[in-house]
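Have a look at the structure below before the remarks.
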Amino acid sequence: MMKIDTKELRIVFMGTPEISAGLLRTLFENKFNVVAVVAQPDKPVGRKGILQKVPTKVVAEEFGVPVYQPIKIRKDYEFLKEINPDLILTFAYGQIVPEGVLNIPKYGCLNFHGSLLPKYRGAAPIQFSLINNESVTGVTLMEMIKEMDAGKMFASKEVIIEENDNATSLFKKIEVASCELLLDKIQDYVDGKLPGEEQDPSKVTFCPMIKPEEEKINLDLSAKEIWGWIRGLSDEPGAFLYLNGLKIKIFKAKLIDDNSSGNIGEIIKADKTGFVFQTKCGAISILELQKEGKGRMDYKSFLNGNQGLLGKKFE
RNA sequence: CGCGGAGUAGAGCAGUGGUAGCUCAUCAGGCCCAUAACCUGGAGGUCGCAGCGUUCAAAUCCUGCCUCCGCAA
């Protein structure tokens, strides 16, 4: 079998958000022959609803590669046949890729998934690894098949989750890991050196998309579980509680993992040594937060401008 | 014209017509075995920008603009 250099292959990249744009940039900078980029349509962003280019589009334009943004790839993928790619790479594209696309490229379709499969199949693996207080996660290079995130695994790379990681920092780590995984393994894949491993069905877990109502912290959970949610939703979109009827987003917190219990949600400390509220089991020390209409600030600043909170309750 | 909140000292806030204040941080000094404690003193603001708007008098009222934030999409 003749050896093929991956850099000669016609590659189509499918992906949308920031993390995906990082991988795309790595492809360009390492002289891969990316012939087209497929991304979600541009969406109105922010209060003013200004249409903003998706991150992968920005990178693609920087390198002069055409961008396709079908509203429904399920029905609209004829253009891919004309492009005639040898290989399709996807990372957080945002739509289910139809079978018709999977059969187009000679070397198949590979997906980067932000977890160590078979754990955390689905939409928000990075957030959920934090929400569930995992200590290790990673990125998996896998074959795309009809069923979502269910294909053979060719390679993966571990990422250690540290105590002070949140979604933003973990996304960054996964992005770096996925770039390394790409450079380390893609040639082996093309050479047929990676046999691929089927996912063990008994170990499969799923993570759904995070719904807006889940951004409200559930006070029935333990301090540790709440801490997971705070980290998993920080910095965007932010987990929140209500205090005096106002929404308070909590961006950064510390876990006080003792067995204390008391009135759930009650503020048990509010001075310069800490801003702590009680949960069902254990307590949470808030470090950075934001009140409706105000900017994000550290707890000392917040308490400075909001006094007499001791004994009040989060809801 | 989607709805709403906010811009005052480095930070967080109060002040709705009459001398710009409070808390924290900071600086100097003091006390103490010691301190994230306490006491004394100091520095630091053309009150988001503009209208040379209204007024004897504007942070405060009026008009326009800019920026930030919550919601909705």
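Numbers restart at 1 for each chain; the letters A, B, ... are given by sequence-line order, proteins then strands. Nothing here was measured: the structure is a model prediction, and the numbers come from that model. Computed over heavy atoms, backbone and side chain alike; hydrogens, waters and symmetry mates excluded.
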Report task. Check whether any side-chain N or O of A:K291 sits under 4.0 Å from OP1 or OP2 of B:rA6, and answer yes or no. Result -> no
Report task. Establish, with yes or no, whether the OP1 or OP2 oxygen of B:rG70 is under 4.0 angstrom from a side-chain nitrogen or oxygen of A:Q290. Result -> yes
Query raised in the report: Does a side-chain N or O from A:K249 land closer than 4.0 Å to OP1 or OP2 of B:rG70, or not?
Result: yes
**Report entry** Side-chain (A:N263) to main-chain (A:E266) donor-acceptor, under 3.5 angstrom
**Finding:** no
Query - A:D191 and A:Q187: side chain donor to acceptor below 3.5 Å - result: yes
Report task. Indicate whether OP1 or OP2 belonging to B:rC68 is found under 4.0 Å from a side-chain N or O atom of A:K294. Result -> no
Report summary line: Using Watson-Crick geometry (N1-N3 plus N6-O4 or O6-N4) or G-U wobble (N1-O2, O6-N3), each under 3.5 Å, B:rA20 is paired with none
Requested in this report: Please state how far atom CE in A:M297 lies from atom C1' in B:rG7, giving the value in whole angstrom units.
Outcome: 12 Å
Query - Presence of A:K272 side-chain N/O under 4.0 Å of B:rA37 phosphate oxygens OP1/OP2 - result: yes
Query raised in the report: How are the rings of A:F28 and A:F63 set to each other: parallel, tilted or perpendicular (split at 30° and 60°)?
Result: parallel
Query raised in the report: Looking at A:I73 and A:F79, what are the two nearest heavy atoms and their distance?
Result: CD1-CZ, 4.4 Å
Report summary line: Among the nucleotides B:rG70, B:rG12, B:rU23, whichever has the atom closest to the side chain of A:E292 is B:rG70
Requested in this report: Nearest whole angstrom, please: distance from the P of B:rC3 to the NZ of A:K247.
Outcome: 19 Å
Report summary line: Partner of B:rA43 under the Watson-Crick or G-U wobble criteria, both distances under 3.5 Å, comes out as none
